[in-house]
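Given the structure is predicted, the values throughout are model-derived calculations rather than measurements. Indexing begins at 1, ligand by ligand and atom by atom, following the structure's order.
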Amino acid sequence: MSYQDVYNGWKNDPEAFWMQAADAIDWDTPPSKALFDKGDHMYEWFSDAKVNTCWNAVDRHVEAGRGEQTAIIHDSPITHSKREISYVELRNRVASLAGALRAKGVEKGDRVIIYMPMIPEALEAMLACARLGAIHSVVFGGFAANELAVRIDDAKPKAIIAASCGLEPGRVVHYKPLLDGAIELATHKPDFCVIFQREQEVAQLIEGRDFNWHGFQYGVEPAECVPVEGNHPAYILYTSGTTGQPKGVVRHTAGHLVALNWTMKNVFNVDPGDVFWAASDVGWVVGHSYITYAPLIHGNTTIVFEGKPVGTPDAGTFWRVISEHKVKTFFTAPTAFRAVKREDPKGEFVKKYDLSCMEQVFLAGERADPDTIIWAQDQLQKPIIDHWWQTELGYPAICNPVGIELLPVKLGSPSLPMPGYDMKVLDEGGNELPAGELGAIVSKLPLPPGTLPTLWNAEDRFKKSYLTNFPGYYETGDAGMIDEDGYVYIMARTDDVINVAGHRLSTGGMEEVLAGHPDVAECAVIGVADQLKGQMPVGFLCLNAGADRDNAEVVKEVVKLVREKIGPVAAFKLAVVVDRLPKTRSGKILRGTMVSIADGTEWKMPATIDDPVILDEITVALQSIGYAKS
Ligand code: COA
Ligand code: AMP
């Protein structure tokens, strides 16, 4: 079947399409139908089914006689260690952990926050929650205590599972003090914490609150899988929105299972038993979907990689892991390839390894620039597939579905909408734009199974963020166009979200931190183009009248403040002090114009600008830090 056949098959009968995809899942009670229309543009999938995610990701493979197959390979060039866990071992470990959590009172529907580095125990913690029907919320290790506290107060977890430390090249990330600090900052307090002690740093436990990962499992009864309703939340994953308050994306259980499983063959072209590697982090949606859940649900071997594309120890790490573990499909972010390319432009490291096992490479998380794709094509001589999706959607929405058919690649486009997505480009008034014209990218409702049904504790915000501007459509927050062949091009965000090294960050959130500095009267943060990371945040600070401060000192302090409040992942290193910010007459800061000036791209003087002279001052300030080159 061609892509067009599959897509038309879905379009003609979505209900039949998803019910057929659901056949691949092991149900306790099969769904009577796929779509449940709740009215007011709210939808759910497979709501009347009963199912357990952990059973589908782990136990059923053991029952089917594949218990000895490797489920997880941990490869850590940072600790110089490698470890394999078979499906039967994984089942036993997860059942034991889930049993211990249950013995401490964790039940279906309870929230559990997971704050862990790239070790198999992070996946085991997620699966143990799934086994009990507990709702996990994984928090990325690069966030600071304050961000963790915000998530604790929103999710109100009964328990937090963490590791003693994470390991960044040349730096130990002290998770336990961050965790303790977050719990102190948060209003909600968890009943207990479980700490996985790593040998690189053993953390001090708080008597009565903290339990050792191994010790607390001793003598407990392993837990069986608890069937949950199809619309039971599997997890909450917080992602950046326009403000500092992150959005808690909810994922329902059944749609998640059906959709992720469907993508493994049709999109990523792997069969059960094949090795699949997504070089991301469990703290991001890519890690949820393609390190933990999809490969395991589909019976693949997944790789948990604790390292970086370069420097651990060199720019050949990716190729070593691929050849050593026989990876068939590799998934990474364009920024990672840019980092490798910068160190090894001629691909000397590529030549050192036998990469014949690898059949295709997928790139996502940010725009894949043509230069990077061409470099990867030249070096690897394999299809390099750009694909587009978001935390909200959970799996590829615009893609070149290699498992169905390798479509002609058009550089700069992630290709065509997948089944489930009827994408349009609309103008501000909601009118559909013709091919080639730039506008807001939207998808006709309902969204397919496995996408967000709502935001945690924030249904109004869900409706306002995604459903209100263009009634009947889901608003992606991205701007772009569709060409005459239906290929979609993603050009920019329509909100204040920026993408730094494939990490989604809120400039609004950073502005809130800067505004909290006692000498800052007003501020703005924009994302400027960066050759390696795609974008980098730059802050503009107007100081309080009478603040008799050395500008460089204030800049240093705000850089430190963002690192402390949001975390190192914000990569906030650049800020300048200016007298005034450019605004419209109605007082809106002209961030878009500032970005164009910084990047040296063409821009027009906004008709509504209050005082054009300020733009000259902004240009000079940007030039002082190496941007806005004429
Ligand atoms: N825990 C703690 N800190 C972390 C972290 C984690 N899990 N991940 C990143 N950080 C820190 C880094 O140590 C760095 O700190 P520093 O300011 O002290 O150097 C900071 O956050 C910024 O990290 P990053 O943006 O990743 O930059 P880098 O300079 O360390 O590495 C790349 C650059 C391109 C190699 C790296 O960004 C990369 O591999 N990107 C791939 C992104 C990716 O996989 N995204 C997932 C979406 S698909
Ligand atoms: P996240 O929710 O962190 O996965 O970030 C999603 C956002 O990243 C999207 O809304 C896009 O702005 C951007 N993005 C992800 N993948 C791509 C891609 N292939 N091309 C362009 N932008 C992308």
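T476 contributes no side-chain N or O that, together with a main-chain N or O of V442, makes up a donor-acceptor pair within less than 3.5 Å. The main-chain N or O of V286 is never found under 3.5 Å from a side-chain atom of S289 such that the two would form a donor-acceptor pair. Judged by distance alone, with hydrogens and angles left aside, the side-chain atoms of K341 form no donor-acceptor pair with the main-chain N or O of T372 at under 3.5 Å.
P568 O, 3.3 Å is the protein heavy atom nearest to atom 20 (C) of ligand 1. Protein heavy atom nearest atom 46 (C) of ligand 1, with residue, atom name and distance: S280 OG, 3.3 Å. Of the protein's heavy atoms, F140 CZ, 3.4 Å lies nearest to atom 8 (N) of ligand 1.
Atom 11 (C) of ligand 1 lies below 4.0 Å from at least one non-hydrogen atom of the protein. In this structure, atom 17 (O) of ligand 1 is in close contact with the protein, since a protein heavy atom lies within 4.0 Å of it.
Taking every heavy atom of G141 and a limit of under 4.0 angstrom, the matching atoms of ligand 1 come to 1 (N), 2 (C), 6 (C). Applying the 4.0 Å criterion to heavy atoms of K308 picks out, from ligand 1, the atoms 8 (N), 9 (C), 26 (O), 30 (O). Counting atoms of ligand 1 from 1 in the listed order, those under 4.0 Å from a heavy atom of G502 are 47 (C). Taking every non-hydrogen atom of V286 and a distance limit under 4.0 Å, the qualifying atoms of ligand 1 come out as 48 (S). For ligand 1, the atoms sitting less than 4.0 Å from at least one non-hydrogen atom of V569 are 21 (O), numbered in the order shown with element in parentheses. Under a 4.0 Å criterion applied to the non-hydrogen atoms of A279, ligand 1 contributes the atoms 44 (O). The contact set between ligand 1 and A501, taken as ligand atoms under 4.0 Å from a residue heavy atom, comprises 25 (O), 37 (O), 40 (N), 42 (C), 45 (N). Here is the list of ligand 1 atoms found below 4.0 Å of a heavy atom in R171: 3 (N), 11 (C), 12 (C), 13 (O), 15 (O), 18 (O).
Residue contact check for ligand 1: V310 places no non-hydrogen atom closer than 4.0 Å to it. At least one heavy atom of R563 sits closer than 4.0 Å to an atom of ligand 1. At a 4.0 Å cut-off, not a single heavy atom of A571 sits close enough to ligand 1 to count as contact. By the 4.0 Å heavy-atom criterion, G166 is excluded from the residues contacting ligand 1.
For atom 35 (C) of ligand 1, the nearest non-hydrogen atom from the set P309, C165, G311 comes from P309. Considering only non-hydrogen atoms, atom 19 (O) of ligand 1 lies nearest to K573 out of H503, K573, R504, E168.
Contacts classified as side chain to side chain donor-acceptor pair (under 3.5 Å) and involving residues 562-572 (residues at least two apart or in different chains) are given here: K560-E564. Screening residues 397-415 for side chain to side chain donor-acceptor pair (under 3.5 Å), with sequence neighbours left out, gives K410-D483, K410-D485. For residues 449-459, the pairs satisfying salt bridge (charged side-chain N to carboxylate O under 4.0 Å, His left out) are E459-K463, with sequence neighbours left out.
Of all the heavy atoms of K533, the ones lying under 4.0 Å from any atom of ligand 1 belong exclusively to the side chain.
For W277 and F318, the gap between ring centers is short of 6.0 Å. Aromatic rings of F462 and Y466 (six-membered ring for Trp) have centroids within the 6.0 Å cut-off, being under it. Ring centers of H298 and F276: at least 6.0 Å apart, outside the cut-off.
The 4.0 Å heavy-atom shell around ligand 2 contains residues G365, E366, R367, D386, H387, W388, W389, Q390, T391, D478, I490, R493, N499, R504, ordered by chain and number.
For the pair R151 and E147, the salt-bridge criterion is met [side-chain N within less than 4.0 Å of a carboxylate O]. Salt bridge annotation for R591-D496: absent, with no cationic side-chain nitrogen under 4.0 angstrom from a carboxylate oxygen.
In this structure, T329 and E359 have side chains that are not in contact, with every pair of non-hydrogen atoms separated by 4.5 Å or more. Side chains of Y474 and T451 form no contact here, defined as non-hydrogen atoms less than 4.5 Å apart. You'll find the side chain of R198 stays beyond 4.5 Å of the side chain of E121, heavy atoms only.
No N or O atom of T335 sits closer than 3.5 Å to an N or O atom of ligand 1.
The structure places CG of L455 at 6.0 Å from OG of S465, a figure rounded to the nearest 0.5 Å. Rounded to the nearest 0.5 Å, atoms CZ (R171) and CD1 (I78) are 10.5 Å apart.
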